[in-house]
Amino acid sequence: AQTVTQSQPEMSVQEAETVTLSCTYDTSENNYYLFWYKQPPSRQMILVIRQEAYKQQNATENRFSVNFQKAAKSFSLKISDSQLGDTAMYFCAFMKQEDNAGNNRKLIWGLGTSLAVNP
Amino acid sequence: KAGVTQTPRYLIKTRGQQVTLSCSPISGHRSVSWYQQTPGQGLQFLFEYFSETQRNKGNFPGRFSGRQFSNSRSEMNVSTLELGDSALYLCASSLDLADYYGYTFGSGTRLTVV
């Protein structure tokens with residue numbers, strides 16, 4: 001069974017600085033996807049960034065980038081130039097690639113990291 | 001376009017009652033998934049529907065059920081409510097079962113069982 005571990009329950013960073021959130025996962029699968037989601041107080045889960053396991057190149061979305069280390073099963077999120085609006089819970093999630101019938105398709109989640117961006 | 005809409009936003013129910021939650025996916029999305037979020041267990045998969053059929057189911061008791069309509073809207077039902085069912089229930093939609101670009105989530109329904 002797959003598991004996702006986020007070892008930092010809480011983190012804080014000063015506005016405009018850079019912060020890295022850690023995520024490790026355990027799987028015997030070779031084809032899968034990794035995601036970082038953000039959940040602000042509004043409760044809506046928002047997709048931040050996505051990585052396909054078969055791609056060696058790290059994904060980047062504006063101020064957000066990942067460090068994907070497949071052999072080490074590590075998937076950290078770096079937030080550059082932190083903004084007050086980045087304050088939220090951040091969840092790392094894993095999904096195994098299934099056949100197109102989607103059997104057993106589901107997200108496996110870490111317990112989250114609460115990030116506070118301080119002015 | 002409109003996002004994923006979940007109704008109601010909040011619910012308070014008594015133990016033993018039943019509850020129905022609703023989810024309208026993004027227009028054109030045909031797959032709807034449900035997740036339960038609690039402080040202790042985190043996020044756990046409940047089930048996924050596609051073309052009005054349940055395709056996947058998580059490890060929840062039979063009291064948790066769902067369905068999907070021809071317009072892709074989905075409902076989930078919890079019968080004989082227990083205190084432990086208090087949670088945020090999140091609905092997510094995707095294009096289809098081969099869509100791995102990441103789900104789009106609604107804002108959830110906060111269920112409190114007293």
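In the text below, chain A, chain B and the rest are named by the order of the sequence lines, each starting its count at 1.
- Proximity of B:Y103 to A:F35: side-chain heavy atoms (C-beta onward) are nowhere separated by under 4.5 Å.
- Smallest separation of non-hydrogen atoms from B:R9 and A:S42: NH1-O, 4.0 Å.
- Contacts between B:Q37 and chain A at a heavy-atom distance below 4.5 Å involve the side chain alone, from C-beta outward.
- Within 6.0 Å of atom NZ in A:K70, more than 12 heavy atoms from other residues, nucleotides or ligands are found, so the atom counts as buried in its surroundings.
- In this structure, the side chains of B:L43 and A:Q39 stay at 4.5 Å or more apart for every pair of heavy atoms.
- Proximity to chain B (any heavy atom under 4.5 Å) is shown, for A:L107, by both the backbone and the side chain.
- Considering all non-hydrogen atoms of both residues, B:Y100 and A:R50 come closest at O-NE, 2.6 Å.
- Looking only at distances, no side-chain donor or acceptor of A:R105 sits under 3.5 Å from a matching main-chain atom of B:R55.
- Contacts of B:F47 with chain A are absent, with no heavy-atom separation under 4.5 Å from either backbone or side chain.
- Chain A forms more heavy-atom pairs under 4.5 Å with one residue of B:L88, B:D96, B:L90, B:T104 than with any other, namely B:L88.
- A single hydrophobic cluster is seen to contain both A:M11 and A:Y90, as judged by linkage of ILVMFWY side chains at heavy-atom distances under 4.5 Å, directly or through other members.
- Contacts between A:M95 and chain B at a heavy-atom distance below 4.5 Å involve the side chain alone, from C-beta outward.
- Contact of B:S94 with chain A is made through the side chain alone, with heavy-atom distances under 4.5 Å.
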